[in-house]
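All chains are named by letter (A, B, ...) in the order of the sequence lines, taking the proteins before the strands, and each is independently numbered beginning at 1.
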Amino acid sequence: MDSRYDFKLSEEKIYKLWEEADAFNPDSVLKLRQNDADNPDSVLKLRQADAFNPDSKIELQKDKNNQPNKGTAVATGNKFSIVLPPPNANDPLHVGHAMYVVEDVMIRYHRMLGDDTLWIPGTDHAGIETQFVFEKKLKKEGKSRFNFDRKSLYQMIWQYVQENSEVAVDQLKKLGFSLDWSRFKFTLDEDIVAEVLETFQSLYRDGLIYRDFKLVNYCTKCGTSYSELEVDHVERIDPLYTIQYGPLQVSTVRPETIFGDVAIAVNPNDPRYKEYVGKHLEVEFPWGKKTMIVIADEYVDPKFGTGAVKVTPYHDANDFQMWETHKNEIIEQPIPVIDTSGKIINSPDKYNNLGVVNAREAVLKDYKSYKTAEGKSLLISVNEKYTHSVGTCYRCGRLIEPLPLPQFFIKVADDKINLVQNALNALDTNETKIFGAGREKILRHWLNNLKDWNISRQITWGISIPVWYKTDGNEENIIVNFLDKENQYQTGLLSDWLKTYSLEEIKQNIQSISANISVPYSVSVNEPTDGNYIQESDTFDTWFSSSQWPIVTLKTNNKSDFERFYPLSVMETGYDILPFWVMRMMMLGIYMTNKSPFENVYLHGLIRDEKGKKMSKSKGNVINPIEVKSEFGADALRMALIIRSTPGQDKSVGKPDFKAMRNLTNKTWNAARFIIMMTEEPHDKTVTENSPLDQEFDQKLNDIIVEVTQHFSNLKVGLAAEVVYNEFWHWFCDICIEKSKDGDVSLKKLSYGLITFLKLLHPFMPFVTETIWQELLEKKVVKNKLLIVSDWPTPVS
RNA sequence: GAACUUGUAGCUCAGUUGGUUAGAGCGCUUCGUUGACAUCGAAGAGGUCAGAGGUUCGAGUCCUCUCAAGUUCACCA
């Protein structure tokens with residue numbers, strides 16, 4: 001053995017060794033162990049050194065007690081299952097993904113324990129993210145999504161993702177993850193999609209799906225709507241304009257929405273405005289006059305501004321709410337005055353087609369120059385330093401535009417089937433336990449305040465919603481966007497285009513459609529045959545399919561997998577996607593199976609740099625796990641991430657940590673090297689057995705095994721790592737090996753200790769420990785062919 | 001406005017159901033090492049565990065309050 005451990009020589013080789021043995025597949029593991037026991041080379045043909053092997057010791061004891069020798073494999077009869085949170089198929093891994101090492105550590109421990117252990121890999125199509133990246137690529141080529149019909153665009157993105165999908169998988173392997181690759185799934189695999197569509201239909205049958213014309217959060221840059229959770233609220237300073245509004249005055253930061261106003265609202269108890277309530281007032285604008293009713297609503301705060309609010313139902317969520325409440329009083333019908341591209345519509349000609357920012361300036365300019373017949377200005381005052389918070393797109397950072405669109409929603413708290421309540425119950429009964437500093441309370445808070453979930457996304461890369469609109473008789477209520485015979489983008493009413501194109505031609509080249517809320521639809525995977533239909537062009541929110549991941553991955557693999565491994569033992573992920581993913585997995589999981597999809601949720605913290613600062617590209621402190629791996633080895637990276645980590649708490653790591661753990665791999669290597677050397681050529685003072693401190697040694701080692709095992713079973717992997725590290729280095733190496741040089745600890749105990757520590761260290765540092773194991777195997781010090789499937793140490797009396 | 005988390009050595013963090021002299025890595029001081037490892041070893045300095053009060057035989061750990069930092073949510077005409 002070399003005096004230094006060179007991870008570059010072994011990592012790839014060792015991973016291959018495991019893969020070729022099929023050691024990650026629960027269907028093979030038991031066989032592997034049993035086969036090994038049947039191997040004549042490994043049964044009781046012991047050299048002297050083999051007596052040091054705890055495996056053979058147990059066996060010898062068993063033989064003594066006249067028990068049948070079944071080999072070393074101990075099946076506990078328990079199962080242990082995890083599904084990897086699927087990384088984006090076309091993105092390289094970042095440190096967050098490297099934190100999945102927590103899962104590998106748990107998986108390796110349980111596999112060695114003898115549990116029926118499964119870890120399923122997969123990748124996510126990441127609808128919006130991926131389409132966005134792809135569109136950027138198109139832009140570089142001078143094209144956009146409007147140059148392609150739906151089908152072609154989908155095919156192109158599929159191709160693009162395929163080309164890149166090896167990257168993530170390859171990197172997961174580089175980190176040593178013992179995922180069962182034979183069960184790999186992609187969120188757009190046919191069988192997965194079929195399951196997801198079935199869930200949607202089932203939800204629809206149960207009355208939990210509805211289509212509604214509501215204000216949704218729309219990003220005009222990304223061209224799609226979002227759910228409430230995907231909106232980031234940020235503080236901004238904007239001017240607040242107070243304008244004359246008939247006899248009253250109102251304030252607004254968005255004068256460009258004024259064209260969509262339908263009423264004025266005041267607080268019912270405000271003495272200043274009591275006389276106006278219910279009255280129709282004439283309001284003068286620079287572009288004309290309009291009559292509007294005054295309504296009374298508790299929502300209006302009399303202390304804010306003038307205490308009177310203009311009501312713009314289609315471009316403000318609160319106004320929409322007030323309009324719904326007072327629908328019957330308000331005569332004026334609301335109309336959208338901003339479209340999905342962020343341009344003004346349905347307004348005086350001079351403003352139409354302006355973007356919202358330009359429109360605002362234009363409106364203000366006209367207000368400033370306009371004088372009433374009495375010579376007064378309509379612009380009363382401007383507060384330049386008004387602080388408020390606005391919704392922005394979590395991805396591109398642009399302002400979110402509340403727009404009225406017909407979308408599909410999931411009822412989260414239906415009277416009959418209450419998804420939220422079911423999830424809360426699972427928490428109450430401890431069916432699912434949350435590990436992560438106070439995150440359970442946060443999860444409950446989310447659940448208690450959850451709104452219905454908008455699952456429609458106006459993008460192509462995803463699973464199409466299985467909804468068909470009847471075109472017969474509804475041609476005037478459906479807008480189609482498609483490519484004409486010259487491959488030019490066209491938009492307009494279906495009724496108009498049917499004059500020059502057949503419905504089939506339009507459907508073939510469709511980009512998107514927009515059906516009025518009144519158009520009847522049917523829910524089915526295939527096109528209905530009782531007339532002419534056109535399919536909804538929206539796709540599901542990616543989280544809708546991700547939320548079914550634990551179930552659909554198990555159901556689409558081996559038939560028995562679902563029975564065998566559901567619910568998952570652990571769901572491990574970052575706390576940042578608790579509401580997006582974990583919460584929804586619980587809601588849909590319980591809906592689909594009547595069981596919470598996982599017993600434990602382990603939430604790892606964010607990885608920060610060595611100074612505790614958040615990583616960001618602009619700061620240049622981003623750690624690339626693959627770079628760290630090539631410099632220090634996968635084992636060092638893994639150990640550095642896991643040691644002393646606590647669920648729910650952020651973790652700082654940096655070069656000093658990687659270096660320290662790289663040293664640990666080397667220390668392990670050298671401890672093994674020393675013991676092998678001593679076994680082969682003992683020194684003068686070396687004692688092979690019965691040294692004065694041997695009994696003490698056994699006691700201490702037993703204590704360590706018990707302590708580490710306890711930490712594992714309590715999901716305290718960070719602590720387990722710390723204990724193993726300290727005891728291995730500062731007790732086993734610094735004390736025991738040193739004392740053995742004076743004959744105070746016997747070689748027999750050292751060998752036993754080494755093998756035990758290799759096992760205890762293996763979940764954290766699989767490569768170096770397996771590499772050493774292979775050396776020991778060659779020298780017949782150990783018997784099991786692979787450390788990865790050898791038995792977890794038990795205290796020996 | 002509210003909730004949650006955090007405050008332990010110079011820095012980054014552990015501390016398992018409350019139990020002797022509070023731990024690790026990095027950094028620092030002194031010394032050692034010609035046969036496991038300088039990617040090493042030994043010895044050491046450095047902490048009234050944010051502050052105050054309480055429960056207890058006993059509190060870093062449980063409770064209350066105060067201060068500070070961070071995260072998130074809600075409102076915002």
Margin query: Parallel, tilted or perpendicular, judged at 30° and 60°: which one describes the rings of A:F732 and A:F697?
Written below: tilted

Next item on the list: Let me know the distance between CG of A:D576 and C1' of B:rU72, rounded to the nearest Å.
Entry: 12 Å

Checklist line | Nucleotide nearest A:M677 when distance is taken to its side chain, options B:rG25, B:rG35, B:rU39 | finding: B:rG35

Protein-nucleotides 18-22 of chain B N/O pairs under 3.5 Å:
none

Next item on the list: Have a look at A:A660 and say if it touches a base, only the backbone sugar-phosphate, or nothing, with a 4.0 Å heavy-atom cut-off.
Entry: sugar-phosphate

Notebook entry, point to check: Between A:L578 (CG) and B:rU71 (P), how many Å, whole number?
Noted result: 18 Å

Next item on the list: Using both distances under 3.5 Å as the test, list the Watson-Crick or G-U wobble partner of B:rU61, or none.
Entry: none

Note to self: Looking at B:rG41, I'd like to know if its phosphate oxygens (OP1 or OP2) sit under 4.0 Å from a side-chain N or O belonging to A:W729.
What the structure shows: yes

Next item on the list: Provide the closest heavy-atom pair for A:R439 versus A:L578 in the form atom of the first, atom of the second, distance.
Entry: O-CD2, 3.7 Å

Item checked: Stretch residues 297-304 of chain A: residues that reach within less than 4.0 Å of RNA chain B through a heavy atom -> A:Y299, A:V300, A:D301, A:F304

Margin query: A side-chain contact here means heavy atoms from C-beta on lying under 4.5 Å apart; do A:K433 and A:N430 qualify?
Written below: yes

Next item on the list: Determine, for A:D428 against A:R444, whether the closest basic-nitrogen to carboxylate-oxygen distance falls under 4.0 angstrom.
Entry: yes

Next item on the list: Sequence neighbours left out, what passes salt bridge (charged side-chain N to carboxylate O under 4.0 Å, His left out) with A:R4? Give chain and number order.
Entry: none

Notebook entry, point to check: Checking all strands, does A:R673 fall into the base, sugar-phosphate, or nothing category for heavy-atom contacts under 4.0 angstrom?
Noted result: sugar-phosphate

Notebook entry, point to check: Mapping A:M661 and A:T387 onto RNA chain B by nearest heavy atom, which one lands closer to the 5' end?
Noted result: A:M661

Item checked: Side-chain N,O (A:K614) to OP1/OP2 (B:rG70) below 4.0 Å -> no

Next item on the list: Looking only at side-chain atoms of A:Y725, point me to the closest of B:rC26, B:rA24, B:rG41.
Entry: B:rA24

Notebook entry, point to check: Just checking A:Y5: base, sugar-phosphate only, or nothing, at a heavy-atom cut-off of under 4.0 Å?
Noted result: nothing

Next item on the list: Take nucleotides 1-17 of chain B nucleotide by nucleotide from the 5' end and write B, S or -, depending on whether a protein heavy atom sits under 4.0 Å from the base, only from the sugar-phosphate, or from neither.
Entry: ---SSS-----SSB-B-

Margin query: In this structure, how many angstroms lie between the P atom of B:rA74 and the CG atom of A:N448, rounded?
Written below: 14 Å

Notebook entry, point to check: Roughly how far apart are A:D657 CG and A:I643 CD1, rounded to 0.5 Å?
Noted result: 9.5 Å

Notebook entry, point to check: Under 30°, 30 to 60°, or over 60°: which ring-plane class applies to A:F757 and A:W731, parallel, tilted or perpendicular?
Noted result: tilted

Margin query: So if I take every side-chain heavy atom of A:W446 and compare against B:rU72, B:rA24, B:rA36, which nucleotide ends up nearest?
Written below: B:rU72

Check: Do any of residues 232-250 of chain A sit with a heavy atom less than 4.0 Å from RNA chain B, and if so which?
Finding: A:H233, A:L240

Next item on the list: Specify the separation, in whole Å, of atom CG of A:L664 and atom P of B:rC37.
Entry: 17 Å

Next item on the list: Give the ring-plane orientation class for A:W581 versus A:W543, where under 30° counts as parallel, over 60° as perpendicular and anything between as tilted.
Entry: tilted

Checklist line | Euclidean distance, atom NZ of residue A:K613 to atom P of B:rG70 [Å, nearest integer] | finding: 10 Å

Margin query: Under 3.5 Å, is there any donor-acceptor pair linking the side chain of A:E738 to the base of B:rA42?
Written below: no

Next item on the list: Go through the structure and list residues passing salt bridge (charged side-chain N to carboxylate O under 4.0 Å, His left out) with A:E11, not counting sequence neighbours.
Entry: A:K629

Output side-chain donor-acceptor pairs under 3.5 Å for residues 632-639 of chain A, partner residues at least two apart or in another chain, one line each.
| from | atom 1 | to | atom 2 | distance (Å) |
| --- | --- | --- | --- | --- |
| A:D635 | OD1 | A:F767 | N | 3.2 |
| A:D635 | OD2 | A:F767 | N | 3.4 |
| A:D635 | OD2 | A:V768 | N | 2.7 |
| A:R638 | NE | A:F764 | O | 2.9 |
| A:R638 | NH1 | A:D104 | OD2 | 2.8 |
| A:R638 | NH1 | A:L175 | O | 2.9 |
| A:R638 | NH2 | A:D104 | OD2 | 2.7 |
| A:R638 | NH2 | A:P763 | O | 2.8 |

Check: A:N663 side chain: which of B:rC75, B:rG41, B:rU39 is closest?
Finding: B:rU39

Note to self: Could you tell me how far apart A:L450 (CG) and B:rC73 (P) are, to the nearest whole angstrom?
What the structure shows: 13 Å

Notebook entry, point to check: A:E228 has an atom CD; how far is it from atom P of B:rA74, in whole Å?
Noted result: 8 Å

Note to self: For A:D270, give me all partners under salt bridge (charged side-chain N to carboxylate O under 4.0 Å, His left out), at least two apart in sequence or on another chain.
What the structure shows: A:R272

Margin query: Which residues pass the side chain to side chain donor-acceptor pair (under 3.5 Å) test with A:Y725, not counting sequence neighbours?
Written below: none

Notebook entry, point to check: Any side-chain N or O of A:H388 less than 4.0 Å from the OP1 or OP2 oxygen of B:rA74?
Noted result: no

Note to self: Restricting to salt bridge (charged side-chain N to carboxylate O under 4.0 Å, His left out), what partner residues turn up for A:K739, sequence neighbours left out?
What the structure shows: none

Show me, pair by pair, the donor-acceptor contacts under 3.5 angstrom made by side chains of residues 658-666 of chain A, not counting sequence neighbours?
| from | atom 1 | to | atom 2 | distance (Å) |
| --- | --- | --- | --- | --- |
| A:T665 | OG1 | A:R662 | O | 2.5 |
| A:N666 | OD1 | A:Y5 | N | 3.0 |

Item checked: Interatomic distance where NE2 belongs to A:H730 and P belongs to B:rC37 [whole Å] -> 19 Å

Show which side-chain atoms of residues 239-249 of chain A pair as donor or acceptor with protein atoms under 3.5 Å away, not counting sequence neighbours.
| from | atom 1 | to | atom 2 | distance (Å) |
| --- | --- | --- | --- | --- |
| A:T242 | OG1 | A:S251 | OG | 2.9 |
| A:Q244 | OE1 | A:Q249 | NE2 | 3.0 |
| A:Q244 | NE2 | A:G246 | O | 2.9 |
| A:Q244 | NE2 | A:L248 | O | 3.2 |
| A:Y245 | OH | A:D261 | OD2 | 2.3 |

